[in-house]
Amino acid sequence: MDFDLLGSEEIYRGRAFKVEQVQARLPNGQVRQFDLVRHPGAVVIIPIDNEGRIWFVRQYRVGAGQVMLELPAGTLEPGEDPEVCAAREVREETGMAAASLHKLGGFYMAPGYTSEYLHIFLANGLTPKPLQADADEFLQTTALPVDNVYGMVARGEIIDGKTLASLLLMQQHREPLE
């Protein structure tokens, strides 16, 4: 399949992303316009303490219109290494520093309309070392045993997509937990 990108026009620029209208020639020769959210990428952290608990945050999400239980996450700064971002974000969001970070993989959030790529890290060796949270973040932390977390997933109690996908990646890499 051959898609030719013909050009794009920025129609909105926000704090964390911009929106473009992209013109593309489709394999059948037709030209179509797409709306694209350009995002610098982000990290998701699965912080596991020495008691085998995963640290989560609860925060209000305007898109869902509710408080969500999520893994800590954050947007990359321009040119920032994802591991550096993960080390900062785990401290900002949970108040815990990680002795080690292990990259589990990554994925596109919703490639039909956004370029956002998420880098997933497992964080071990947690010790208290908080950083100041972002001014617009109002978070509550909670630490839950790993087995309880997967039960919550099965019951539909965790409904954040990045959290669900990250927990699936963690299942494939259980050896770093031990």
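The residues of the chain are indexed from 1 along the displayed sequence. Bear in mind the structure is a predicted one, so any value in this text is a computation, not a measurement.
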Does a side-chain heavy-atom distance below 4.5 Å link [X] with [Y]?
| X | Y | result |
| --- | --- | --- |
| Ile120 | Phe107 | yes |
| Val31 | Gln23 | yes |
| Pro72 | Glu89 | no |
| Pro128 | Met96 | yes |
| Ile45 | Glu93 | no |
| Gln171 | Tyr150 | yes |
| Phe56 | Thr141 | no |

Minimum heavy-atom distance between [X] and [Y], given as atom pair plus value:
| X | Y | value |
| --- | --- | --- |
| Pro130 | Arg91 | O-NH2, 3.7 Å |
| Thr75 | Pro40 | CG2-CG, 3.5 Å |
| Ala42 | His39 | CB-CE1, 4.3 Å |
| Pro82 | Val43 | O-CG1, 3.4 Å |
| Ala97 | Lys129 | CB-CB, 3.7 Å |
| Leu144 | Leu69 | CD1-CD2, 4.1 Å |

Transitive ILVMFWY side-chain link [X] to [Y], under 4.5 Å:
| X | Y | answer |
| --- | --- | --- |
| Met109 | Leu167 | yes |
| Val149 | Trp55 | no |
| Phe34 | Met1 | yes |
| Val44 | Met170 | yes |
| Leu118 | Ile158 | yes |

Any ring pair (Phe, Tyr, Trp, His ring centres under 6.0 Å) involving residues 109-131? Give me the pairs, sequence neighbours left out, ordered by first then second residue.
->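 Every ring pair (Phe, Tyr, Trp, His ring centres under 6.0 Å) pair that includes a residue of residues 109-131, provided the two are not neighbours, is Tyr108-Tyr117, Tyr117-His119.
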
Kindly determine whether Gln140 and Val67 satisfy side-chain contact (heavy atoms from CB on, under 4.5 Å), including the steps that lead there.
-> CA-CA 10 Å; Gln140 294 177 328; Val67 172; 5.8 Å; no

To the nearest 0.5 angstrom, please state how far the CG atom of Leu104 sits from the OG atom of Ser166.
->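 The CG atom of Leu104 sits 8.0 Å away from the OG atom of Ser166.
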
Atom pair OG/CG of Ser100 and Leu126 - distance to nearest 0.5 Å =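 These two atoms lie 8.5 Å from each other.
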
Other hydrophobic cluster members with Met68, side-chain heavy atoms of Ile/Leu/Val/Met/Phe/Trp/Tyr under 4.5 Å, chained?
->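 So far as hydrophobic clustering goes, Met68 is joined with Ile159.
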
Which pairs, with at least one residue in [range] and sequence neighbours excluded, count as a salt bridge (charged side-chain N to carboxylate O under 4.0 Å, His left out)?
| range | result |
| --- | --- |
| residues 60-69 | Arg61-Glu70 |
| residues 12-27 | Glu10-Arg13, Glu10-Lys18, Arg15-Asp136, Lys18-Glu20, Glu20-Arg38 |
| residues 74-86 | Glu80-Arg88 |

Are the side chain of Thr94 and the backbone N or O of Val90 linked by a donor-acceptor pair below 3.5 Å?
->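 Answer holds: yes.
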
Test item: Thr163 side-chain N/O and Leu71 main-chain N/O as donor-acceptor pair under 3.5 Å |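 Here the side-chain-to-backbone pair exists.
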
Can you sort out the partners of Arg32 under side chain to side chain donor-acceptor pair (under 3.5 Å), two or more places apart, ordered by chain and number?
->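 Not a single residue meets the side chain to side chain donor-acceptor pair (under 3.5 Å) criterion with Arg32.
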
Option from Leu101, Asp49, Ile48, Ile46 for which side chain to side chain contact (heavy atoms under 4.5 Å, CB included) with Asn124 holds |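 Per the side chain to side chain contact (heavy atoms under 4.5 Å, CB included) rule, the option paired with Asn124 is Ile48, out of Leu101, Asp49, Ile48, Ile46.
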
